[in-house]
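Read through the structure below, which is laid out as structure tokens, and then see the notes.
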Amino acid sequence: MSLNIMLLGLPGVGKGTQAAKIVEKYNLPHISTGDMFRAAMANETELGMKAKSFMDAGDLVPDEVTNGIVAERLDEEDTKPGFILDGFPRNLDQAHALEDMLSKEGRSLDAVLYFTADTQVLVDRMMARGRADDTPEVIKNRLDVNGKLTEPIADFYAEKGILHKIDGAHELDTVFADVKKLLDSLENN
Ligand code: AMP
């Protein structure tokens, strides 16, 4: 039995925080494309150089780069019992690419957890976080870019019957209680 899950939602909705709690409780590897890009930038690797200009502007890194790092990560043994994808897929092309990567090995996503909250909650949380890509202009662009892309992805997984909406506006323990309820029901199926 595997637990292959994807966390969907706009920047600031608390995906990263919830991912950390899921990792702790369910012992699954956390695959965050944003974290992978930030680490590559910090280490000044070739991948980091490629991603930097896009990330600095709050734009998406090109699909061929992003799909490549996810495919490599999903090839690793520790992902076979399950994984938590966070920040990927970000558009429908990436969603299709993910399907191909997984179906090649007879795998598929079990659930997409779609976290939602009002835009003002997202902006306030990102401002409070104060990272280099959390300045007001970059935040606005990230929300614009991602807002347009998130709904079609949610629809794509809703059609497959694996989309689960979670209210991300509550405080983190309340949100995690909802997450746990859902994941436990999947594990027991
Ligand atoms: P995040 O921390 O997930 O919001 O990601 C930070 C930045 O990394 C984004 O603004 C993008 O520039 C880049 N990034 C992360 N995930 C993806 C993805 N799936 N596709 C393209 N770019 C991404």
Side-chain angles (χ1 to χ4, degrees), residues 4-23 28-76 79 83-102 109 112-117 119 121-157 163 166 168 172 175:
N4 300 339
I5 63 179
M6 200 277 260
L7 309 183
L8 182 65
L10 292 176
V13 80
K15 294 191 303 287
T17 309
Q18 294 300 319
K21 293 184 77 74
I22 300 170
V23 168
L28 299 170
H30 178 205
I31 307 178
S32 157
T33 41
D35 285 354
M36 287 158 96
F37 286 134
R38 275 185 288 276
M41 270 168 55
N43 293 325
E44 299 183 351
T45 65
E46 207 185 318
L47 173 67
M49 310 290 186
K50 277 188 200 155
K52 187 174 179 358
S53 60
F54 300 99
M55 288 189 69
D56 284 349
D59 289 329
L60 292 187
V61 176
D63 286 350
E64 67 269 19
V65 176
T66 310
N67 293 345
I69 62 165
V70 174
E72 265 179 33
R73 184 66 187 88
L74 286 173
D75 266 347
E76 288 173 37
T79 67
F83 53 80
I84 306 159
L85 269 177
D86 172 4
F88 181 93
R90 277 284 228 285
N91 60 36
L92 283 181
D93 285 342
Q94 292 182 4
H96 287 292
L98 175 64
E99 291 235 299
D100 290 345
M101 290 172 212
L102 293 174
L109 283 182
V112 173
L113 279 55
Y114 183 22
F115 296 92
T116 57
T119 308
V121 172
L122 304 178
V123 172
D124 290 349
R125 284 186 185 162
M126 279 193 276
M127 288 299 292
R129 198 157 79 166
R131 287 188 322 219
D133 57 351
D134 283 341
T135 61
E137 304 85 81
V138 177
I139 287 174
K140 186 178 176 309
N141 191 36
R142 287 170 79 199
L143 289 176
D144 285 348
V145 169
N146 289 288
K148 289 195 197 89
L149 296 170
T150 301
E151 278 303 318
I153 298 174
D155 292 345
F156 177 80
Y157 290 115
L163 189 80
I166 300 208
L172 68 97
V175 178

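Indexing begins at 1, ligand by ligand and atom by atom, following the structure's order. Predicted model, so just to flag it, every value in this text is computed and none were measured.
The nearest heavy-atom contact from the protein to atom 10 (O) of ligand 1 is R142 NE, 3.7 Å. Summary of contacts: the protein heavy atom closest to atom 16 (N) of ligand 1 is T33 OG1, 2.7 Å. If you check which protein heavy atom lies closest to atom 6 (C) of ligand 1, you get R38 NH1, 3.5 Å. Among all protein heavy atoms, the one lying closest to atom 22 (N) of ligand 1 is V61 N, 3.0 Å. Protein heavy atom closest to atom 19 (N) of ligand 1, with residue, atom name and distance, is G87 O, 2.8 Å.
Dense packing is recorded around NZ of K21, with more than 12 heavy atoms of other residues, nucleotides or ligands lying under 6.0 Å away.
Only one option out of V112, L92, L163 pairs with F156 in a side-chain contact (heavy atoms from CB on, under 4.5 Å); it is L92.
At least one donor-acceptor pair closer than 3.5 Å links the side chain of N91 to the backbone N or O of D93.
The contact set between ligand 1 and F88, taken as ligand atoms under 4.0 Å from a residue heavy atom, comprises 19 (N). Residue-ligand proximity, Q94 to ligand 1, at heavy-atom distances under 4.0 Å covers atoms 18 (C), 19 (N), 20 (N), 21 (C). Listed by atom number, the atoms of ligand 1 under 4.0 Å from F37 heavy atoms are 8 (O), 13 (C), 14 (N), 15 (C), 23 (C).
One finds a salt bridge joining D144 and K140 here, because a Lys/Arg side-chain nitrogen approaches an Asp/Glu carboxylate oxygen to under 4.0 Å.
At a heavy-atom cutoff of 4.0 Å, ligand 1 is contacted by both the backbone and the side chain of L60.
An N or O contact shorter than 3.5 Å is missing between P89 and ligand 1 by distance. In terms of N/O distances under 3.5 Å, ligand 1 is approached by D59.
With values rounded to the nearest 0.5 angstrom, T119 atom OG1 is found 12.5 Å from I139 atom CD1.
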Practice item. Test I22 against L7 for side chain to side chain contact (heavy atoms under 4.5 Å, CB included), laying out the working first. Key: CA-CA 11 Å; I22 300 170; L7 309 183; 4.1 Å; yes
Exercise for review: Run the numbers on R90 and D63 for salt bridge (charged side-chain N to carboxylate O under 4.0 Å, His left out), then give the verdict.
Suggested key: CA-CA 9 Å; R90 277 284 228 285; D63 286 350; over 6 Å; no
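For atom 1 (P) of ligand 1, the candidate residues are M41, M55, R90, K15; the nearest heavy-atom contact is made by R90.
Across all non-hydrogen atoms, the minimal contact from V138 to A57 is CG1-C, 4.4 Å.
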